[in-house]
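Okay, so here's the structure we're looking at.
Whatever order the structure lists ligands and atoms in, that order sets their numbers, starting from 1. Throughout, residue positions are numbered sequentially from 1 according to the sequence presented.
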Amino acid sequence: MKSTKANDLLPLLKTHFGYDNFKPNQLAVIEDVMAKKDVLAIMPTGGGKSLCYQLTALALEGTAIVISPLIALMKDQVDVLKANGIPAAYYNSSQTQETQETIFKQLKEGVLKLFYIAPESLGFIKDVLETIAVSIFAVDEAHCISSWGHDFRPAYTQLGNLKERFPSVPIIALTATADKTTQEDIVGQLNIHQAEQHLASFNRPNLFLEVKPAQDRIHHILEFLEERHNESGIIYCLSRKSTETIAAKLIAAGYKAQAYHAGMSADERNKAQEAFITDETPIVVATIAFGMGIDKSNVRWVIHYNLPKNIEGYYQEIGRGGRDGLPAHALLFYSFGDVAQLRRFISSSENAEVEYAKLERMQQFAEALSCRRIALLNYFGERVTQGCGNCDICKQPPAYFDATVLAQKICSAVARLREREPMGTVIDVLRGAQNAQVLEKGYQNIKTYGAVKDISWQDLQQYVIQLLNQGILHINFKEGARLGLTPLAKEVLYDKKEVQLATLQKVAEKPKREAKSRATRTGLFEKLRVLRHEIATAEGVPAYVIFGDASLKDMELKLPKNETEFMQISGVGQAKLEKYATPFLKEIAAFSPSKKTKVATHLKSLNLFKEGLSISEIAEQRGISENTVYGHLVKANAEGRSIDLHQFLTGEELDSLADAKEDLEDDAGLKAFFEYFEEKMPYWKIKIGLYLLDD
Ligand code: ADP
Ligand code: ZN
């Protein structure tokens, strides 16, 4: 088989998608599929998974069958493909019979390059598949096939017989879930044991990673937002109710925010999503239902109000930040209450053991005392040992202190409470709290009551968490989350085992925030966004189907003046060139460079001079006197712009001006010089000369 090389695929990439280069691993994946190999492609969110099978579908004969778990996702992708002039359709049970029939007909006739379907519906097209040319099977969000994965979807398991039924059709499985067990499970369940595995790096170096204790979250969020007005971000919460209360608080504080959760109607959700994408409402407070398949490049921060239940989910969610490659901030609030609640949810799950294990890894990440990125990437199987420099820990590494006595006091309290109380009560007792819970049980009488009054409740909690992490204490989740002692605790209590704890950090250093890009300053981007919104509304599609933010930014940067230049914009392929070049070029032209930034008048003269125009030409073109033009150049020079004023008068002239200066009074004006030279030296020359002499 002829091997496909980048050279053959690049023109397809540009024509259909408007991109000039592949993202990491895309080409390798596509080449393997084109060589009829099965492939497991693991790429982080935003890594460009869909393009892998979409471009392959275009390069091959026949129809690609894409199995995708979410109707919304299918619809968006099909919208985007159609906008790029690629024949594609999706099938789902909510479509009218008429629509379904039309789509089936297209499928049978082989006019579609891509056909999207949910695994549950695959049975409906079973027979058709036998009769048509299927180019590839693409299994999107392939981790759904694994009960070890975090979104197990039983219908996916039917995909196991695809390989058997269509042995010659390559299967490409794609996911952003990269833990080893899930990977192996996907390959096994799909029966693609020979699959080539492509693991793209999961590192997203532009995401700043930070974890904070969950006390006073709203206060912290408001503080966080204070210097981020107008920036777009997502706050993820566990419950519908908290999305609403938090959104209300942000609105009350003057932010444009909205809640988003599965309890809202589809219409409400679409509206919310649209308002988010267009930045009309830049902040969304959402349950995890939000964000799948959203291609919004300028999300500048992602906050987890609650602890996610596993690292995959966390990473996928923070991955929605900073897709444009500019710095973005991921802030996670960590609370033990969340851990307890998540454990309660999990306890009713069939897959509880796996889920507990995953939650534990999530906790370890939140409690990490060394580089968080190292922890993340190692979770995804990337061996990294070098600190990243862009997480809270790297910015402010913890210092340790001898906490042997403190640890003894804590362990002793746990022992004296007979390992029957949860963390909160233990802390209360240690701090000598006077609340009913403590007093009613008579805990004021035990020996360690009030033994650590000097440490705040929150800080003490952090130290207890550290003791948990060091395996000195443990939590008995099955029995009311009671705090218990491990054998190590006994060593602390009876063998004087030394304990080191990390000093708590009060204020983490703020990550460096880059100056706003030119794009956000000039205002053309805003105008293009409005235009995009208008077109999207008219066509009834989401804005990003027309163009992504990255394309608009590229337009702002390159200011294309004609179709050839427009074609150079990232994201502009043939179809979009034909459809949208005219309105966008018009908008860009209307935003001429002189309007773009108000250039000061003296700099306009300087620019023309630098373009090679003579002084008289500049004066004529600008409708001002030559004297004024010279004045402009002097001013520009005074501001430190590079222009050599010596070119305008000879050394002799300068000498004679110096003489005149000696002869005339100190405060002599230009007119005195003019008369001194018997009106033979023009005013402008006098002005420049004196300026140079003063210099
Ligand atoms: P994933 O599904 O992996 O999260 P997507 O397929 O949604 O990622 O792609 C993320 C974004 O990157 C999309 O806007 C997509 O159009 C864009 N993209 C994909 N491939 C390329 C490429 N080769 N060059 C530039 N942008 C790309
Ligand atoms: Zn780090």
Return the option from Lys49, Met43, Arg320 holding the heavy atom at the smallest distance from atom 2 (O) of ligand 1. Lys49
Any side-chain heavy-atom pair from Ile67 and Asp140 closer than 4.5 angstrom? no
Counting both backbone and side chain atoms, is some N or O of Gly48 under 3.5 Å from an N or O of ligand 1? yes
Measure centre to centre between the rings of Phe584 and Phe547, then say whether the value is under 6.0 Å. yes
Taking only non-hydrogen atoms of Phe22 and a 4.0 Å limit, the atoms of ligand 1 in range are 23 (N)
Under a 3.5 Å threshold, yes or no: a donor from one side chain and an acceptor from the other, between Glu317 and His304? yes
Partner set under ring pair (Phe, Tyr, Trp, His ring centres under 6.0 Å) for Tyr116, not counting sequence neighbours: none
Residues at least two apart in sequence or cross-chain that pass ring pair (Phe, Tyr, Trp, His ring centres under 6.0 Å) with Phe333, listed by chain then number, are none
Considering only NZ, NE, NH1 and NH2 on the basic side and carboxylate oxygens on the acidic side, decide whether Lys553 and Asp549 come within less than 4.0 Å. no
Check each atom of ligand 1 against the heavy atoms of Pro44 and keep those under 4.0 Å away; list them by number with element. 3 (O)
Who's closest to atom 27 (C) of ligand 1 heavy-atom-wise, of Phe17, Tyr53, Phe547, Tyr19? Tyr19
Thr564 backbone acceptor or donor facing Asn562 side chain under 3.5 Å: yes
Ring geometry between Tyr314 and Phe365 (parallel below 30°, tilted from 30 to 60°, perpendicular above 60°): tilted
Considering the heavy atoms of Asn21, write down every atom of ligand 1 situated less than 4.0 Å from one of them. 22 (C), 23 (N), 24 (N)
Those residues that, when tested against Arg300, pass salt bridge (charged side-chain N to carboxylate O under 4.0 Å, His left out) (two or more places apart): Asp324
State the count of protein N/O/S atoms located less than 2.8 Å away from the Zn ion (ligand 2). 4
Please confirm whether Gly548 approaches ligand 1 to less than 4.0 Å, judged on its heavy atoms. no
Test your reading of the model: is there a side-chain donor-acceptor pair from Arg373 to the backbone of Asn390, 3.5 Å cut-off? yes
Gln26 touching ligand 1 at heavy-atom level, < 4.0 angstrom: yes
